Every structure is written in structure tokens, then in C-alpha cells.
Amino acid sequence: MASRVFGASIKRKEDPRLITGEAKYLDDLQLPGMAHAAILRSPHAHARIKSIDTSAAAAVPGVLGVFTGKDFMDVNPLPCAWQAGGVENHVNTPRVLEPEKVTFTGAGVAVVVAESRYIAEDALQLIKVNYEVLPAVVDAQKATQSGAPQIHDNAPNNVCMEWSCGDKAGTDKALGEAEVVIKERVVNQRLIPTPMETRGCIAQYLPATDEYTVWMTSQAPHVMRLLMTAFVFGIPETKMRVISPQVGGGFGAKIFLYPEYCLVTALSKKIGRPVKWAETRSENYVATTHGRDHITELEVGAKRDGTITALRVNTYANLGGILSTIAPGIPTTLYGRLLSGAYKIPNIYCHVWGVYTNTGMVDAYRGAGRPEATFVVERAVDMVANQLSMDPAEIRRKNFIPSSAFPYDPKILNGLKYDSGDYDKALGKALEMVGYQDFRKAQADARQQGRYLGIGFSSYIEMCGVAPSAWIGLPGEGWGAGLWESANVRVHLTGKVVVTSGSQSHGQGHETTTAQIVAEELGVPVEDVIVQHSDTLGTPFGYGTYGSRSASVGQVAVFNSLQKIKEKAKKLGAHLLEAAVEDVVFENGKVHVKGSPDKAKTIQELAGAAALGYSLPAGMEPFLDDTAYYDPPNCTFPFGTHICIVEVDAGTGQIDIKRYVAVDDVGKVINPMIVDGQVHGGIAQGVAQALWEGAVYDENGQLLTGSLMDYALPRADLLPSFEVGRTETPSPTNPLGVKGAGETGTIAATPAVVNAVLDALKPLGVLHIDMPMTPARVWQAIQKG
Amino acid sequence: MYPAKFDYYRANSVEEAVKLLAENSDAKLLAGGHSLIPAMKLRLTQPALLIDIGKIDSLKNIKANGSLEIGALATHARVAASADVKKWFPALANAASLIGDQQVRNFGTIGGNIAHADPASDPPTVLIAAGATIHVRGASGTRAIAAEDFFVDLFTTALEPGEVVTKIEIPNLSGRKSAYAKMSHPASRYAIVGVCAVLSMEGDTCKEARLVVGGAVAHATRLSEAEAVLKGKKLDAAALKAAADAAIAQVGDDAMGDITAPADYRRAMVGQYLQRAIQSALG
Ligand SMILES: Cc1cc2nc3c(=O)[nH]c(=O)nc-3n(C[C@H](O)[C@H](O)[C@H](O)COP(=O)(O)OP(=O)(O)OC[C@H]3O[C@@H](n4cnc5c(N)ncnc54)[C@H](O)[C@@H]3O)c2cc1C
């Protein structure tokens, strides 16, 4: 083929409908006879519900029903689908409405269904709840201490689970023998994912067939159906169809099964009409999952020459008042097992306390565990460099896993190995792009003038496409299902291709990149490929989109399915060309006898012939249609180096990001423009964690950052133009050579910025500032000096 | 997100708005709606009636003629872009350009802003520094209120019930140097601290300084101690530092604090931004 489609920055097929507003998001959908639900949420973080009086609300004209948790005792609590592996988890999960006790501000206690949302909200104000308010605790470390309020009877000291990985005795010994040991307490603060579109759900129940159709804002519609039917309602999964219409971003928060989805589904049967609930931003901030929230005590040991010898980590992971769907898996498998970072660290031990507090649910948020691990590792490396007066680039080089060592077993990965990497190359490229030596000169000059410039590094690794099912599943890492993906490819009789997949796209551009893979393999134009997803009717089962798994798992299933199609096309082509199969090739969308490309059958001709079935080889079924299920043999491990340059205004503590250089290696790149977009967005979020974002609860469990007026998202005018580069080390794990690009930015950026700020403030004796590094905190650190 | 029920009238003139206000005790004026509507959506306020003054064109004018007159309905975007404002009182144009984001500036009005009297607003600070006069009209006629007397407390002004802000008048400031310096809240963009300096200079010497702080305290307030320090002084680094110290001392325990900017920080920033405003005014 003249120009390859795989690897080209073609424009996104989904954009015209998104840009013109034609795309229909959940709240755009209207069903005939649809009623509207509004949810009364607890204003208290910890309280017993003594009684609820719904009579005045029920009397409001236009109200169809008012219900409390007691009305849904026949609906099971939601499942926790990922528990920390190998240890006991004291599980407490939400019910559709809490009947007896609330454990965080914002938990649903009653619902009004009415002819309009306005009427429902009016009626909501008339519900009287009599609460017995209980003392609250919001800090994960304090929650484990004696005397702390107890949230759940089955979780003494509020500990949901205690999990560890690595070699405790070896690490203790190595730290004891280390020439330098540095201790620090680092807080990875709670973040609020804030997708542009909030959550929502519409459910319709048809009594004649006893079937539900549920539209919801989900990153994983098949999993939602599985969890709702098998666990919450106890009905066959064939009795429910789940559709995720256009989904406006998720960042992880839309992976999970939420009480509201099950509530609205149950209501549709109770009321006998379709019911819609669309989340407000205020609800989103209290009732949708948050991310991160770790308190970590870290100890790192090294030799005087900068060789890191040991890392010991004790982390209190805040899980919120009640468990979200995969909450315990995030601070364990996706965090502890990544603590070797890009480095040969011979001794690592990580202990994690998963803790209940009277705060909103915490679960996966873009990066999910890996940003927390990267922050610990990249801060630890910088602390050692600082203590030993070593150059931060030099110490990274010294400790990198060398490119000759792959596949590399970091030992704490429970048997998995880093697939491929060349960490030095990515660092080298980033140093070159930033002009490192020149910067150090400029920094020295600036210091003479009383200006504080700083440079920060983050040489990260991460883990995408988490697999294989047999590793991540029970009993290994505790995941309560599989993690393969599937795809069906149909070549219609005109040669147009339809791909259906279990992956879900909510901003990542699957419809484009999948079409690129099809176009590359079958030699059809990209325009001739459509990709259907997000509806359990008509798509094969899949676990959904998160953990940067859609390329390295989902699209490998597409690729494998295409190989089957090509095999069949070859057989058919050989038959039509009256040649032996061994003598023909499939090339550039045509089957021809080796050496005679002029006499060929195009894929369109073959699709037509396969569909008509007039002349098929003996035993061949009509139509080009095949499905593949792909369970990867390993995860993939992207890596890279991000470098941030800042200037700190010592008078005000304000931080100005001067430059941001990112070199990522995400394996083979399907569409560079889309990868760049993912990297840009991820960096913005990662920078925001370092400088602006942070969910804050007061000691009574009230969310102080409950709106966009208080919670500071990144904005374009606060960021420089990112300088994005790449190295390309194919993954040997899968035939596409892809690794994953959805989360690298968020994972890498945060420590790069923090390290830069601390580098700038080194002459002022500042060694540590908690995130977000607000001007006030920076200024206070400078005052203390 | 879902306001309570309300009625809506569009007033075609100030007289009509005043009349409707007098007749309906539970009514509120609607100008740009960028403070009122969010509060209604959260049901923090549930007025029975909105009187929309947004279409009264006579309240939108900006004109300079002996003094600078800005109609209450002039949007922040228009104030920021107005050649008259830029020429007459550039600190106000600059302050207006730093409000929120473009969308907020396209809707929010200067009259709505001062009537709302958010302590973190920008216009009150600059208007007091300019010695502006607020013109209002009520059922019993018109009144003129000095900007300095207009802002009474958090979200509280000298407006009587039923009064409408009609225009803001800024005296002739020719020959003065002025500037506004602001630290924005990273989320809302409201002022964490904003300081406006209006200086009359004779060579290097400051004849008179009007210095006003907003954001850090309950309502925009003149920094009279710092003004006194600078009067008759050469504005060198030492004088600026002395003025900053005086301002910090005056703000004292009145400094407000929140999770983004605790009181001690805001207090210190009053000194920083005072110096920055003066330096920027001197150019
Ligand atoms: C995201 C966001 C960011 C913002 N950032 C800033 C900022 O950085 N700096 C800043 O200063 N402001 C900021 N604002 C506020 C903005 O300037 C508002 O426009 C302003 O506070 C209110 O003006 P309005 O015309 O929208 O008034 P409205 O919301 O319509 O009315 C506000 C109040 O004033 C009353 N009112 C309105 N007009 C009159 C009148 N003529 N006479 C008497 N009463 C009247 C109304 O009845 C109501 O009580 C921000 C607002 C938002 C939403």
C-alpha cells in the first residue's frame, strides 16, 4: 500500500458529530412517558437514619412516588468486584438507598419520581429525615487509631483490609545496612475526576417480556449488565440490555456500578414508566467516586554512590465511607506492585491499609494506583539525589533497569515481567529536547538575580492492559472476573466493514484507531469501516475501557479477528483464482498468486463472493465474519521521562510553568495525533494535581471543595505549550506492538512538577511541600525555609 | 441545578423596574444573572419574581464627558474594551479584563457586580480607589452614594430595598497614575487579593495616594494607614515597604482565610500586591 494507515495522524471519525452537537449524550435522550427522579442525599457524613417522613413530598401534584431504602430491601447491596488479593477484605457496599445508616455526605436516602425534575426537586425539599448524627473521621491514618469513630461493625479500627507485597525481612535488612536512609511522609491528595458529562441513567421495564433496557453513562456496559443482573437483581443477564450512549469522559469514574443506576432500574418497574436520573455537578462532586487519597510513610536507602538499595512504604489508602466496585484493587495490585518504577531496586516492601472514613467513595481515577506509585518512587529518587548532591538525571541513569535486562522481573510483580524498555533513551531524548546544560546555566544566572528557576524529572513506568485473566483473577490478585476482550469483524457484501467490540469509547477515539487497524489489515479505506460499541445488544462481551487497555487488549482482539477474515479471504481467493492456497497472498486488500499481482481478487470482490455463496470452496461457510477473544499473556509497560521547568515567585509563592517536555514510549503508535491528545490531557491533569486540584473535607465530613468555584481544574491559560516527543519500543506482548497511552501523562506529570518546584526552592532550604502546591503553601514553606 | 418556581417580568425602563420592585416584596432584579442564577440553581435563594432589567438600553452606556459615566448594565467585557475607560481610568479596564473568564465577562455587569457585593469582586476595589459615585434610583427618587460608603459588609451594600443601581460616575482622574494588581483564585478567578493604587505625583514625590484592598477582607476597604505613609514621600523601595507594612498592620485580624488562602497568607499578600500595584502604576 502506498501510505500506511496504521501510524498516520488521520482525523477522528467521531469528531464531526461531537463538534456539531449531533451526538446524543444521556441527558439528551427522551423516551415517551418518561418520569424523572431526584435523590435526597445525606447532609451528614456519619449518621443513623431514625425515621423518614415522605408524606408531604408524596402529596405534591405531579409526584408519582417517593421511596426510601426500606422500599428496596429486596434489591441486594452492590457487589465489590475487586478485593485486595490474598487477604481478608471487610466488605461494605452501598444499597440503592441507604436504609439505616449513612457513612458519607451525599449518600442517597430517599428518591422522588415525578413528571418533571423540577417537581421532583420541589418535593425533595419536603422530605423530613430524622438523623442521629454520629462523630465522623475523614483522615485515613487517624481513622485507624484507637478512639476513632467506628464506621462499620465488621471493620475494627475502620480497616477494610491490610495487604502487603515484597520482601519485608530483606528490605528491613537492606535499610539497616544502607549508607544513607531518607524518610518522608508524602500525601497523595484526593482528587475529583470531573468528566465534562456527569453521570446519568434511564431505565425502561417492559412487563410483557420482563425485560429492562438501561441507558447509562458507563465505560463498561457489559460489566454493568453482569453486575446488575447476577448480583444486584438476581435475574438472567438476558433480561437486561445496557446501552452507554455517547459518553462525555469518565477518567475511571464511570467504570463503576453505582447505586443510582440500580435505583433507577428498580424504579422503572415500580413506577411502570421509563425513569431518568441525570446527575447535577453538585451531586457529582459528593456521590461520584474520587481518586488517590494516600498517606504514605516512605523510607529509601542508598549507597553513597547513589545506588538505591531499598524502599519501604507504608500507605494508608482512603477508600471512603463505603466500597465502590473495584476500590480495594487500586491501592494494592495497581500501586504496591509498581513500586520498583524504572529502577533496579533490590529490596522493596509495601504495606497498605485500606481504610474506611466518612468521605465519598474512592476508586480508580486516570492512572489508578500507578500515579501514586510513581509519585512515591520519583520523589524518593529525588530525595536521594538531593541528599547526596547528585544530579537528578544522573541518579536516574545510574539506577535504571538497563535495556539489556528485558523482560525484567522486578520481583514485586507476582510473577509478571516488564515486557520491553529503553529508559535511558527516553531520558536522553528529553534532556536533549530541554537543553539540560543550558538550563542549568540559566538557572545559576537567575539565582544571582534572586529569581528561582527549577527543573524536575519524572522517569516513569506504568502497566497497561492488565492481564492475563489467570494472573489478575482470583485468587492471585483478587479481581473477580476475567480481563480479556473480544471483537467481531463483518465484511458486508459490498466490502464495507462493521466491527463490534466489547470496548467502550468515551473520548479516546476508538472508532478511528480501530478503523485504522482494519484499513491496514484488509486494505479497505478508513471510511469504509464503522465501529459499533457500547450496547450489550449486538456487541460481544467485553470488560470495557480503563487502564489503557483498549489498544493492547481490545484492538488486539480486532487484529486477531482480522487475521481469521484474511485467512478465509485467502482460501476463497485461491479458489476463485483456481490456485492453491499456498500459492496466494493477501496484500494491499487483494488476493493474488505470488508474483502476479495483476490478476487479483479485491477484498470487496471476495466479500461479495463470500456473501453470495455461488462459488465457495468445499465446506466453506458463506460470509466474511469472525470473532476473536484475546486474553493477553502479560501486561504492557509504557515508560518515558517528563521534564518540567518552573519559576517560583518567592514573594507570593506563585508557580509559573515555563516549559514542559514529555518523551513517552507507548510502543507502536496507531495514530500519533490521538496519542498526543491523550498525553496533553493527561499532563494537564497531572500538573493540576501538583499545583491546583485537591478535594478537602472538613473534620465533620463536609466537602469544602464541592463546586467548580472551589475545586481548581487545570485551564489552558495556566499551562505552557507542551513539547511532546516519543521513542518507540514495540511491545513483544502483542502482535500490534502497542502498549497503551491513556494514562501516561497523569502518571508522569505530577512528580515532575513537584520535583521542579523543590529544585527551584533548594537555595531557600525548602525540602518538602504538600500538594497541591498552592501559592499559600509555597509561601509558607519559604517563610519557614 | 433546578431552581424553585419563579415568575419573570421584563422591565422596559428603570421606572418600570422600580415600580415592580415596590409592588413585589419577594422580587429580585436580574442583570447578567451570573451571580443570581447560580444561587437560584442551588436553591440558596428562591425569589418569587425575577425582574429582568437586561434589555434596558439606557443603562448600558459608557460615556466620558467631564466625568466618566458607566451604565449599570455595561458588561465587564465592554468596560474592559472601552476606549473611554482605558483612557480615563485604565485600572478599571484592567480589573474588568481580569474578571472570571470570557463568558462571565460577556454576561456579568458592573451594576450587578457591585449590587451583589461579593467580597472577592474586583470592581468595588477600583471604584473606591477612583472616588466613584454610585447613582441609584428608588420609589422615592434618586440618590448618589460614594463608592466608599456603598460597600458595607459581605454581600451587603447601602442600597435600600427597591433601589436600582443606574450608573457609576468616575471623576476626572487626569494626571493621576493608577493600576490594579490581583491574585486570582485558581478555580473561580475571583480575587484572593486585589489592590488598586491611584497616585497623584509631583515628580518622584507622592502628593496623594488612594490605596484600596479587596478580596482579603469582608468588603473593599481603603488602606488609609498606607496612604498616610506615602503622602509626601518619594516612592522608593523603602517607602513601598513601609506602606506595605502599614497595610498589613491595618488589615490585621480582618484578613479572611479559606482552604486556598489562609488569613496569614492573604494578609502578607496585601503587602505584596500593594507594592505591585504601585510599581505598576508608576510604570
Ligand atoms: C465563574 C464566575 C467567575 C467570576 N469571577 C469574578 C471575578 O473574578 N471578579 C469579579 O468581580 N466577579 C466575578 N464574578 C461575578 C461576576 O462579575 C458577576 O457578573 C457579578 O457578580 C454579578 O453581575 P450580574 O450582572 O451577573 O448580576 P446578577 O447575577 O444578575 O445579579 C446579582 C445581584 O445583584 C442584583 N442586581 C443586579 N443588577 C442590579 C442593579 N442594577 N441594581 C440593583 N441590584 C442589581 C440582583 O438582584 C442580584 O441580587 C464571577 C462570576 C462567575 C459565575
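The shown structure was predicted, so the numbers you read here are calculated from the model rather than taken from an experiment. A note on names: the letters A, B, ... follow the listed sequences, proteins ahead of strands, and every chain is numbered from 1.
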Interface moiety of [X] toward chain B, non-hydrogen atoms closer than 4.5 Å:
{"X": "A:Thr280", "result": "both"}
{"X": "A:Leu691", "result": "neither"}
{"X": "A:Pro775", "result": "both"}
{"X": "A:Gln780", "result": "side chain"}
{"X": "A:Asp698", "result": "neither"}
{"X": "A:Tyr711", "result": "backbone"}

Looking only at A:Arg281, A:Gln654, A:Arg777, most heavy-atom pairs under 4.5 Å shared with chain B are made by A:Gln654

Answer key: most heavy-atom pairs under 4.5 Å with chain B among A:Val696, A:Thr774, A:Asp710 is A:Asp710

Is the backbone of [Y] close enough, under 3.5 Å, to the side chain of [X] for a donor and an acceptor to pair up by distance?
{"X": "B:Thr109", "Y": "B:Ala31", "answer": "no"}
{"X": "A:Thr198", "Y": "A:Glu279", "answer": "yes"}
{"X": "A:Gln189", "Y": "A:Glu693", "answer": "yes"}
{"X": "B:Arg266", "Y": "B:Ile192", "answer": "yes"}

### Row check, A:Tyr258 ring normal vs A:Arg199 NZ/CZ: under 6.0 Å, within 45°
yes

When the 4.5 angstrom heavy-atom criterion is applied to B:Pro38 and chain A, the contacting part is neither

Under 4.5 Å to a heavy atom of chain A? For B:Asp101 that would be side chain

If the threshold is 4.0 Å, N to carboxylate O, is there a salt bridge linking A:Asp27 and A:Lys276? yes

Under 4.0 Å between a side-chain nitrogen and a carboxylate oxygen: does that hold for A:Asp649 and B:Arg276? yes

Pair count under 4.5 Å, heavy atoms only, with chain A: among B:Arg43, B:Met183, B:Met269, B:Lys5, highest is B:Arg43

Can you check side-chain contact (heavy atoms from CB on, under 4.5 Å) on B:Ile278 and B:Leu230, steps first, answer last?
-> CA-CA 11 Å; B:Ile278 294 171; B:Leu230 293 184; 3.5 Å; yes

